[in-house]
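Working notes, beginning with the structure itself.
So you know, we letter chains A, B, ... as the sequences are listed, proteins then strands, and number each from 1.
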Number of protein chains: 2
Amino acid sequence: MSESENTPSRGTGTVPTRALPVPCARCPLRRLPAFRAFTEAELAFVQGFKAGELTVTAGSDVLLAGHNNAQVFTLLRGWAFRYILLPDGGRQILNFVLPGDFLGLQTSVFDVMEHSVEVLTDAQLCVFPRKELWSLYRDQPGLAFDVTWLAAHEEALVDDNLASVGRRNALGRIAFLLLHLFRRLEGLAQVAGDTCDFPLTQQHIADATGLSLVHTNKTLRRLVRGKLVELGGGRLRLLRRDGLEQLAGDPGREPRPRPFI
Amino acid sequence: MSESENTPSRGTGTVPTRALPVPCARCPLRRLPAFRAFTEAELAFVQGFKAGELTVTAGSDVLLAGHNNAQVFTLLRGWAFRYILLPDGGRQILNFVLPGDFLGLQTSVFDVMEHSVEVLTDAQLCVFPRKELWSLYRDQPGLAFDVTWLAAHEEALVDDNLASVGRRNALGRIAFLLLHLFRRLEGLAQVAGDTCDFPLTQQHIADATGLSLVHTNKTLRRLVRGKLVELGGGRLRLLRRDGLEQLAGDPGREPRPRPFI
DNA sequence: CGCGAAGTTGAAACAGGTCAATGCTTGTGG
DNA sequence: CCACAAGCATTGACCTGTTTCAACTTCGCG
């Protein structure tokens with residue numbers, strides 16, 4: 001049982017966990033109000049679909065552009081991000097991946113990834129064999145629809161990011177990014193009051209917003225000096241959410257109940 | 001049979017065509033090598049799924065953000081684009097929609113659109129009742145998978161655009177946009193030699209690339225003066241494709257066979 | 001012929017990029 | 001326990017790509 005035929009080995013390391021996988025019925029994510037309820041049949045199917053779990057350390061690539069993996073994943077714990085490397089060496093972060101998000105659909109659908117996915121924190125993923133995705137479509141139309149939901153949801157995230165990078169100035173882009181992440185974490189019950197975990201470096205923020213590192217720093221300092229946010233020690237605190245919303249020019253949307261494979 | 005309960009009426013007008021709909025088996029798009037072959041059963045299902053055709057004039061909105069349509073569409077003829085309006089009045093074009101692309105999936109999946117779709121030229125769309133999408137998932141897993149393919153494909157387009165807007169300068173963004181559209185048209189056999197139709201105004205290019213109108217104009221002129229492209233009369237001619245590819249820093253990908261609903 | 005939409009151009013202002021240097025942590029090995 | 005390196009954050013000075021403003025022209029069309 002070699003470590004990985006199909007998982008890329010770049011980065012700090014990709015180590016299958018030794019611990020026993022959690023049964024889907026007792027998956028902690030499923031309990032969250034954000035996720036829709038499953039039927040017994042669906043739960044049983046997903047349980048059979050699940051091939052194991054993958055534990056990776058911060059900085060590892062889980063999926064690499066140009067490769068085709070034998071597995072697809074659901075992120076269970078931790079943060080990740082999808083990104084594209086440009087020929088000139090620049091990196092564009094497309095969106096951040098939070099627990100419950102599905103990874104690697106492109107592998108199943110195009111046979112090759114056109115972006116990469118790197119894990120931002122130590123993380124745990126649920127592993128599904130890509131081949132079986134077809135039987136999911138054949139036997140579980142409800143779940144197939146959920147996969148489509150997840151794909152459309154991810155696209156909506158990228159749409160918003162494109163609009164932000166294309167049309168807002170530095171202050172607005174960063175305000176929007178912080179707000180957006182905070183809102184998503186709220187849906188996952190990972191917010192305490194006005195504070196949440198925030199494992200991004202300024203380089204990540206720069207790569208996500210299309211700004212330079214230096215300008216990102218200066219803009220962040222402005223937000224901090226203006227007492228809109230506090231940032232440090234891997235935590236983010238929104239002091240004046242209304243102020244951020246105004247900067248981002250974004251009143252926010254109410255979250256929707258979401259599916260989950 | 002009133003003109004439209006469910007189609008938005010903004011823009012020049014949305015008029016159901018009077019002509020008889022083309023049967024799917026004789027759909028001119030399906031003949032293109034770009035599209036995958038259907039089984040008899042699939043073809044029959046799609047034929048039953050099809051509720052009619054919609055003919056719209058240039059400038060009409062087919063789908064509006066915040067609304068929920070009773071139909072979803074496949075673009076049969078013409079050009080369209082997906083866009084988001086920002087509170088400050090700015091418009092970001094997310095991607096351009098060409099024949100064979102699917103429109104309105106968000107309506108089915110989220111119950112409401114988060115972007116709008118406007119038609120750029122006179123256009124013709126194939127209309128499907130949104131309610132029936134569920135039976136497609138139930139009875140035609142192959143087609144359901146195709147819907148997912150189309151969603152993932154659209155997301156890949158937006159990914160590329162985000163990377164372009166976030167990381168390239170004006171020259172690169174515009175070069176990339178022109179190249180990308182040209183490549184997609186090649187797949188649709190709508191290219192003659194080095195020339196294709198090109199119905200975009202400079203405002204569209206500006207809104208797609210995140211540039212100002214003025215700077216878009218100046219950058220386009222640079223490309224023209226540098227004899228990389230010719231542009232005018234609604235046509236685009238790529239004089240030095242390699243030069244554009246270099247500016248865009250993009251060697252290009254070979255196209256993949258694609259599904260089509 | 002005249003009007004509105006689209007394209008063109010120059011000048012000035014500014015947001016953001018680039019370069020360069022400094023500090024602050026944290027982890028590692030001697 | 002200290003020295004050192006590596007990664008990350010911070011800041012100032014300078015430069016440039018892009019925006020904004022304000023004309024003016026050309027094109028398409030009724």
**Message:** Without decimals, in angstroms, what is the distance between Asp207(B) CG and dT18(D) P?
**Reply:** 17 Å
**Asked** With a 6.0 Å cut-off on ring centres, are Tyr83(A) and His115(A) close enough?
**Response** no
**Asked** Is it true that the side chains of Asp207(B) and Gln203(B) contain a donor and an acceptor less than 3.5 Å apart?
**Response** yes
If you look only at distance, which donor and acceptor atoms sit under 3.5 Å apart when one is on a side chain in residues 190-200 of chain B and the other is two or more places apart or in another chain?
residue, atom, partner, partner atom, Å
Asp194(B), OD1, Arg237(B), NE, 3.3
Asp194(B), OD2, Arg237(B), NE, 3.1
Asp197(B), OD1, Arg235(B), NH1, 2.6

**Asked** side chain to side chain contact (heavy atoms under 4.5 Å, CB included) with Cys126(A): which of Leu54(A), Thr74(A), Val72(A)?
**Response** Thr74(A)
**Prompt:** What does nucleotides 25-30 of chain D look like as a protein-contact string, B for base, S for sugar-phosphate only, - for none, at under 4.0 angstrom between heavy atoms?
**Reply:** ------
**Prompt:** Do Gln124(B) and Glu53(B) have side-chain N/O donor and acceptor atoms under 3.5 Å apart?
**Reply:** yes
**Asked** Between Arg168(A) and Phe176(A), is NZ or CZ placed under 6.0 angstrom from the six-membered ring centre and within 45° of the ring axis?
**Response** yes
**Prompt:** With the sugar-phosphate defined as primed atoms, P, OP1 and OP2, and the base as all remaining atoms, what B/S/- string results for nucleotides 7-16 of chain C, 5' to 3', for protein heavy atoms under 4.0 Å?
**Reply:** SBBBB----B
**Prompt:** Distance only, no hydrogens: is a donor on one side chain within 3.5 Å (strictly under) of an acceptor on the other, for His215(B) and Ser212(B)?
**Reply:** no
**Item:** Euclidean distance, atom CZ of residue Phe198(B) to atom C1' of dA6(C) [Å, nearest integer]
**Value:** 14 Å
**Request:** Any chance you could lay out the side-chain contact (heavy atoms from CB on, under 4.5 Å) test for Gln202(B) and Leu220(B), step after step, and finish with the verdict?
**Result:** CA-CA 9 Å; Gln202(B) 296 189 352; Leu220(B) 272 176; 3.7 Å; yes
